[in-house]
Number of protein chains: 2
Amino acid sequence: MTREQDEDGGRRRLRRPASIKDVAAAARVSPTTVSHVLSGNRPVAEETAERVRSVVSRLGYVPASTARNLQAGSTNVIGLLVPDITNQFFAELAKGVEDAAHDLGYGVILCNTEFDPDREDRYLELLRGRFIDGMVYASGSPPSRGRLASLLGRFPIALADEVVPGLLEQTILVTADHRAGGRLIGQHLRELGHRRVLAISGPTDLVSSLERIAGFREAFGDAGVTEVEGAFVERSGYHLVAAALEDGGPRHFTAVFAANDLMALGAIAALEDAGLRVPDDVSVAGFDDIMIASRVHPRLTTVHQPAYDVGRTAGAQLLSYVHRDEVPPASRHILPVRLKVRASTAPVRPPR
Amino acid sequence: MTREQDEDGGRRRLRRPASIKDVAAAARVSPTTVSHVLSGNRPVAEETAERVRSVVSRLGYVPASTARNLQAGSTNVIGLLVPDITNQFFAELAKGVEDAAHDLGYGVILCNTEFDPDREDRYLELLRGRFIDGMVYASGSPPSRGRLASLLGRFPIALADEVVPGLLEQTILVTADHRAGGRLIGQHLRELGHRRVLAISGPTDLVSSLERIAGFREAFGDAGVTEVEGAFVERSGYHLVAAALEDGGPRHFTAVFAANDLMALGAIAALEDAGLRVPDDVSVAGFDDIMIASRVHPRLTTVHQPAYDVGRTAGAQLLSYVHRDEVPPASRHILPVRLKVRASTAPVRPPR
DNA sequence: TTGTATGCGTTATCAA
DNA sequence: TTGATAACGCATACAA
C-alpha cells in the first residue's frame, strides 16, 4: 500500500497522482509506449503491454484529463444553461441533455441562472474560455442576444425551448410545438361550448408564450378572447383572475386559458375563493403538464410538453456537430405536444 | 470584422481561437506580458497594458481554460453525482451545490446515474482523470464503496444525504436528521392516540431509511408497530397497504407511516380504493415534503427535509478543502428537519 | 516493435 | 518594466 496522503501539520494534502512518466519509468518503457498501450493506437508487444498494464494498475494511473484536453483541443464536456433546475420542466430537459451527452461519452456542466441576467453573464463569460465543446441554451427568459452571438463562433450552441430573437436563423433550435398546443386548448374549449375566455399569457417577450396564445386564437377565434399578461407563477394567475372577477358587472368569461400550469393553479384558487366552482361554473386549462397538474383537485386539463425530448434532441443535435467540429447550420426541430383532458374543463354553463 | 468561420465544402468548421501568442505578436510584447496584463500579477506600464488590452479586445482573446487547467493542476469544477435530477429532492440539492460552487467561482458537472450502478461506475471512471477538483456524492442508493474509496485519495469528496458505509469516518457527511424526523412522526401519531401503526420503510440498505424508522420507533415505542419494506416509489406504498388490508381479519393498524411521500401517496390510494377514508378511518404520514405533498387531497402530513441546505452545506464544506488542496477530515453535518402537520393525520378512531 | 522530439496554451521562475 | 525559458502531462509525427 502506498500512502494516500502526506501529513503536514495535522492537515493532509493531496498526493500528486502518478503521471505517464512515472508509469514509463517503472515499466522501463517510453511514455509513448504507455500511451499506446492505453489507447490502442498502435500495436504493442503483448509482453510489454502486460508489464505496462500491471504498473498502471499498481500505481492507479489514470491519464490526466487536463493534459488530454489541452492536447486534443476539446474537453468532451458540454454546457447546459437553465434558469431553474428545480423547475420540473427544466429538470426533465436537463435529464434529456444529460442522457444524450452520456451516450456519446460527454459530460454536462450545469449552469443554473436563477433567471438572473448577471449570473447568466458570469456563466457565459466563464464558458468563453472554451472550457466546453458546445452548449445547450435554455435560458427560459429573453436572452442577452449579444453575448450569445459572440459565443456562437467559439463553439456550437443549440437553443432549447425558447427562441432567441436574432439567433434563430443561425443555429439549432429545438422547441415544443407551443402553437399547436395553444390550438389544442382553443379547439377543446370551443368544442365544450365556451365562447368567452380569459386568456392569461406569459411574459410577452417570450416567443413560446406568444405562440401559445396565438395558437389558441387560431383555433378558438379572436372573438370572445380577453387577454391579460401574466408572469408564469401561481400568484400571477391568482391576481389576474381575481382582478377580472372584481371588474364589476357580470362575469365576462366561462373559461380560463392560462399559458402555464402554475398560473392555472392560481386561477383555480382565485375562482374558488370567489365562490365559483371549477369546472362547473368556470373551466380552467393550463399548459406544460407539470407533475402536480394531474394530482391537484380538480385534475388539470393541460398540454403536455415533451421536456425530456426537447433536451435530448437538443443534446443529440448539438453533439452531432460538436463531434465533427462543425458549425451547426440553422435548423428547427419542433416536437409534438399532447392535449391532456382532465377534470378542470367541462361543457359551458352560462354565467349566473 | 473578422470571419468567424471558414467555408469548407459547404460545411463550416470552427476557427482556431486566438492564443496568447497571437495577442503578443500583434501587440509587440511577449506572451508573459500579455499574461500579466490580464492577471494583474505584476505591474505593466500603462501604455503597454493599453496596447495589449486593445488587441485582446480586437481579437476576442480569452485565455484557454484547458491550458490554464493543466498549468494550475486544477479545473475549478466539481462533480455532483445524483441518481435522478428530475426528483424534486435531488433537484433542490443540486441547486444548493450549484449555488455554493458559483459563489466561489466553481462550475458543477452533473452526473445523473438514474440509479444505474453501471452508469455510476462509468461516471466515476470518467472523473478519476482528475477532471474535477472535488465531488459531492449523493447517489441515493447503496453505493459501490470500493470505487468511491479509490477516488477519495484523488480529490475531496463530500457525501450528501446518504451515508456510505465504510466511508463515513473518512470524509465530510451532510444529511438531514432522518432519525429526528422519524421521531417527530412517531410522537405526532402517538399524541393523536394511535397505538397500532403500519410502518413502511424504504430499502433496508439505505441508512437514511433505517434511521427514519428507528427514530419513529424511538418516539412511538416498538409495541404496535408492524414494519414492512418498501421501495420509495408510489406503487410500493400502494401494494404494501393493499396487501396489509387483505390479510384477512380485522385491520391491525389505525395509521400508516411511510418512509417517503411517494409511498404515502400510494398508501392513501390503496386505502381509498378499499373504501377507507383518510384521515377519518386511517391516518397517513409521509417523509420528505415533496412539492405535491401539500397539494394532494388530503394534504399530506410529513417531515420537511432541507434538501437545498444539504446540497449547499455539502458544496460549501467540500470547497473549503478543495480550495486549500487539503483532504477533508471526517465531519458530520446533520441538518434539522421540520414536522409538517397537514390533513392526512387525525385523532384515532377505532377500526370498525 | 519501440523511442525521441515536438507542440498544445498557459503561467511561474529566473534573468535582464 | 519586460522577456526568455521551462514546465504542466499528454499525444503524435517522425525516426529507428
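By convention in this document, chain letters (A, B, ...) are assigned in the order of the sequence lines, proteins followed by strands, and residues within each chain are numbered from 1.
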Before accepting this row, confirm whether a basic side-chain N of the pair E125(B)/R128(B) lies closer than 4.0 Å to the acidic partner's carboxylate O.
yes
Taking 4.0 Å as the cut-off, does a side-chain nitrogen or oxygen of R68(B) come that near to OP1 or OP2 on dG9(C)?
no
Atom-to-atom span, CZ of R42(B) to P of dA4(D) - whole angstrom
11 Å
Candidates dC14(C), dT1(D), dG9(C) - which lies nearest the side chain of S19(B):
dG9(C)
Would you find more than 12 non-hydrogen atoms of other residues, nucleotides or ligands less than 6.0 Å from E46(B) atom CD?
yes
Residue T48(B), side-chain atoms from C-beta onward, closest of dT10(C), dT2(C), dT2(D)
dT2(D)
In whole angstroms, the gap separating P of dT11(C) from NE2 of H36(B) amounts to 9 Å
Please enumerate all residues that pass salt bridge (charged side-chain N to carboxylate O under 4.0 Å, His left out) together with D309(B), with sequence neighbours excluded.
none
Nearest-Å distance for atom pair CD/C1', residues Q71(B) and dG9(D):
12 Å
Have Y137(A) and E120(A) got a donor and an acceptor in their side chains that come within less than 3.5 Å?
yes
Which of dT13(C), dT2(C), dT10(C) is nearest the side chain of T33(A)? It is dT2(C)
I need the CZ-P distance between R16(B) and dC8(C), as an integer number of Å.
8 Å
